[in-house]
Engineer: 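Here you go, one structure.
Position 1 is the first residue of the sequence; numbering continues from there. Because only heavy atoms are used, hydrogens play no part in the values below, and waters and symmetry mates are left out as well, while side chains stay in.
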Amino acid sequence: MGVSGPIRVVVAKPGLDGHDRGAKVIARALRDAGMEVIYTGLHQTPEQIVDTAIQEDADAIGLSILSGAHNTLFARVIELLRERDAADITVFGGGIIPEDDIAPLKARGVAEIFTPGAPTGDVVAWVREHVGRTAETA
């Protein structure tokens with residue numbers, strides 16, 4: 001991933017969930033913080049999301065999942081990134097995700113989970129601190 005320029009984040013709504021207000025709020029907050037945001041729209045497959053992230057040279061993928069399919073969808077995105085030699089793209093997400101599912105998701109490779117009500121400033125600060133800039137200090 002490129003070290004110069006703004007952090008590039010793909011914000012995606014995988015699966016059949018049709019509610020994207022939260023994803024749009026996060027996308028706008030990241031954009032307003034100076035990041036480049038690519039919003040994929042509703043009903044994206046994990047394959048489409050990973051293709052977009054690779055094509056856009058994204059530093060991160062932010063998934064918004066409210067449908068209850070978070071275990072399957074996060075796992076598939078991470079699996080596809082590994083298959084495509086793009087595991088350096090950070091995956092984070094949010095939505096309706098039960099507390100008991102967060103640790104197993106992180107164990108599978110999801111970097112962070114934000115639950116409903118998380119302040120947008122917290123998401124922006126986390127992305128700035130954890131995404132795509134490690135090479136600058138190396």
Side-chain angles (χ1 to χ4, degrees):
M1 299 293 99
V3 174
S4 61
I7 296 171
R8 295 177 58 83
V9 181
V10 169
V11 175
K13 287 290 304 180
L16 301 177
D17 174 11
H19 302 281
D20 65 348
R21 186 178 325 167
K24 287 180 177 176
V25 167
I26 294 300
R28 180 171 291 122
L30 295 173
R31 183 201 65 205
D32 290 350
M35 298 177 205
E36 290 185 15
V37 177
I38 301 94
Y39 176 60
T40 63
L42 293 169
H43 310 301
Q44 297 293 294
T45 67
E47 290 79 7
Q48 290 170 316
I49 293 164
V50 169
D51 284 347
T52 299
I54 291 169
Q55 290 167 7
E56 294 288 345
D57 195 25
D59 299 301
I61 298 171
L63 299 176
S64 172
I65 304 173
L66 305 176
S67 65
H70 48 273
N71 290 320
T72 302
L73 293 169
F74 275 114
R76 184 67 180 139
V77 167
I78 288 170
E79 176 184 325
L80 288 166
L81 287 171
R82 287 182 180 142
E83 287 175 6
R84 307 259 321 258
D85 292 323
D88 58 332
I89 298 175
T90 302
V91 177
F92 68 97
I96 308 296
I97 298 170
E99 188 70 34
D100 290 347
D101 290 347
I102 293 175
L105 287 169
K106 287 184 175 183
R108 283 183 152 164
V110 179
E112 188 60 86
I113 298 290
F114 297 93
T115 53
T120 56
D122 290 359
V123 178
V124 168
W126 184 89
V127 171
R128 278 194 176 130
E129 186 175 334
H130 294 94
V131 173
R133 295 297 169 251
T134 54
E136 286 180 341
T137 58

Engineer: Which residues satisfy the side chain to side chain contact (heavy atoms under 4.5 Å, CB included) test with His19, sequence neighbours excluded?
Structural biologist: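 With sequence neighbours excluded, His19 shows a side chain to side chain contact (heavy atoms under 4.5 Å, CB included) to Asp17, Leu66, given in chain and number order.
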
Engineer: Which pair of heavy atoms, one from Ile7 and one from Arg128, lies closest together, and at what distance?
Structural biologist: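 Taking every non-hydrogen atom into account, CD1-CA, 4.1 Å.
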
Engineer: Please report the C-alpha distance between Ile61 and Thr90 in whole Å, then the side-chain angles of each, then the deciding distance to 0.1 Å, and finally whether the side-chain contact (heavy atoms from CB on, under 4.5 Å) criterion is met.
Structural biologist: CA-CA 6 Å; Ile61 298 171; Thr90 302; over 6 Å; no

Engineer: Tell me, with the steps shown, if Glu79 and Arg108 meet side-chain contact (heavy atoms from CB on, under 4.5 Å).
Structural biologist: CA-CA 9 Å; Glu79 176 184 325; Arg108 283 183 152 164; over 6 Å; no

Engineer: Nearest 0.5 Å please: distance from the CG atom of Asp57 over to the CD atom of Gln55.
Structural biologist: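 That separation rounds to 11.5 Å.
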
Engineer: Could you check if a side-chain atom of Ile26 sits within less than 4.5 angstrom of a side-chain atom of Val9, using non-hydrogen atoms only?
Structural biologist: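 Not touching, per the 4.5 Å side-chain cut-off.
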
Engineer: Considering all heavy atoms of both residues, which atom of Ala53 and which atom of Val10 are nearest to each other, and what is their separation?
Structural biologist: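 In this case the closest contact between Ala53 and Val10 is CA-CG2, 3.8 Å.
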
Engineer: Would you check if Glu47 and Arg76 make a side-chain contact, meaning some heavy-atom pair closer than 4.5 Å?
Structural biologist: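 With C-beta onward as the side chain, the pair touches.
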
Engineer: Measuring from atom CG of Asp88 to atom CG of Leu81, what distance do you get when rounded to the nearest 0.5 angstrom?
Structural biologist: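 That separation rounds to 8.5 Å.
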
Engineer: Is it the case that atom CD in Glu99 sees more than 12 heavy atoms from other parts of the structure closer than 6.0 Å?
Structural biologist: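 Open.
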
Engineer: Can you list every pair that meets side-chain hydrogen bond (donor to acceptor under 3.5 Å, both in side chains) and has a residue in residues 21-31, with sequence neighbours left out?
Structural biologist: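 Every pair satisfying side-chain hydrogen bond (donor to acceptor under 3.5 Å, both in side chains) with a residue in residues 21-31: Asp20-Lys24.
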
Engineer: The criterion is side-chain hydrogen bond (donor to acceptor under 3.5 Å, both in side chains); which residues satisfy it with Thr45, sequence neighbours excluded?
Structural biologist: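 Counting only residues at least two positions away or on another chain, Thr45 forms a side-chain hydrogen bond (donor to acceptor under 3.5 Å, both in side chains) with Gln48.
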
Engineer: Are Ile96 and Leu42 connected in a single hydrophobic cluster, I mean Ile/Leu/Val/Met/Phe/Trp/Tyr linked by side-chain heavy atoms less than 4.5 Å apart?
Structural biologist: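 In one cluster: no.
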
Engineer: In chain order, what residues pass the side chain to side chain contact (heavy atoms under 4.5 Å, CB included) check against Ile78, with sequence neighbours excluded?
Structural biologist: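 In terms of side chain to side chain contact (heavy atoms under 4.5 Å, CB included), with neighbours along the sequence ignored, Ile78 is linked to Arg82, Val91, Val110.
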
Engineer: In chain order, what residues pass the side-chain hydrogen bond (donor to acceptor under 3.5 Å, both in side chains) check against Asp51, with sequence neighbours excluded?
Structural biologist: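 For Asp51 the side-chain hydrogen bond (donor to acceptor under 3.5 Å, both in side chains) partners, ignoring immediate neighbours, are Arg84.
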
Engineer: Which pairs with one or both residues in residues 25-54 pass ring pair (Phe, Tyr, Trp, His ring centres under 6.0 Å), sequence neighbours excluded?
Structural biologist: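 Checked against ring pair (Phe, Tyr, Trp, His ring centres under 6.0 Å) - neighbours excluded - no pair reaches residues 25-54.
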
Engineer: Quick one: closest heavy-atom pair of Pro116 and Gly95, and the distance?
Structural biologist: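 In this case the closest contact between Pro116 and Gly95 is CD-O, 3.1 Å.
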
Engineer: I need the minimum non-hydrogen distance between Ile89 and Ala58, along with the two atoms involved.
Structural biologist: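 Taking every non-hydrogen atom into account, CG1-O, 3.5 Å.
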
Engineer: Would a distance-only check, ignoring hydrogens and angles, find a side-chain to backbone donor-acceptor pair under 3.5 Å from Lys13 to Ser64?
Structural biologist: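 Checked: pair present.
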
Engineer: Return the set of residues passing side chain to side chain contact (heavy atoms under 4.5 Å, CB included) with Ile65 (not counting sequence neighbours), or none when no residue passes.
Structural biologist: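 Partners of Ile65 under the side chain to side chain contact (heavy atoms under 4.5 Å, CB included) test: Pro14, Leu63, Ser67, His70, Leu73, Phe74.
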
Engineer: For Glu112, give me all partners under side chain to side chain contact (heavy atoms under 4.5 Å, CB included), at least two apart in sequence or on another chain.
Structural biologist: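 Once residues adjacent in sequence are excluded, the partners of Glu112 under the side chain to side chain contact (heavy atoms under 4.5 Å, CB included) criterion are Phe92, Lys106, Phe114, Trp126.
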
Engineer: So, for Ala33 and Val124, which heavy atoms are closest and what is the spacing to 0.1 Å?
Structural biologist: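 For Ala33 versus Val124, the nearest heavy atoms are CB-CG1, 3.5 Å.
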
Engineer: Are the side chains of Val77 and Val50 in touch, meaning some heavy atoms are under 4.5 Å apart?
Structural biologist: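 Yes. Closest side-chain heavy atoms under 4.5 Å.
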
Engineer: Are the side chains of Asp101 and Ile113 in contact, using a 4.5 Å heavy-atom criterion?
Structural biologist: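 No - every pair of side-chain heavy atoms lies 4.5 Å or more apart.
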
Engineer: How long is the straight-line distance from OG1 of Thr52 back to CD of Gln44, given to the nearest 0.5 Å?
Structural biologist: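 Spacing of CD (Gln44) from OG1 (Thr52) equals 6.0 Å.
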
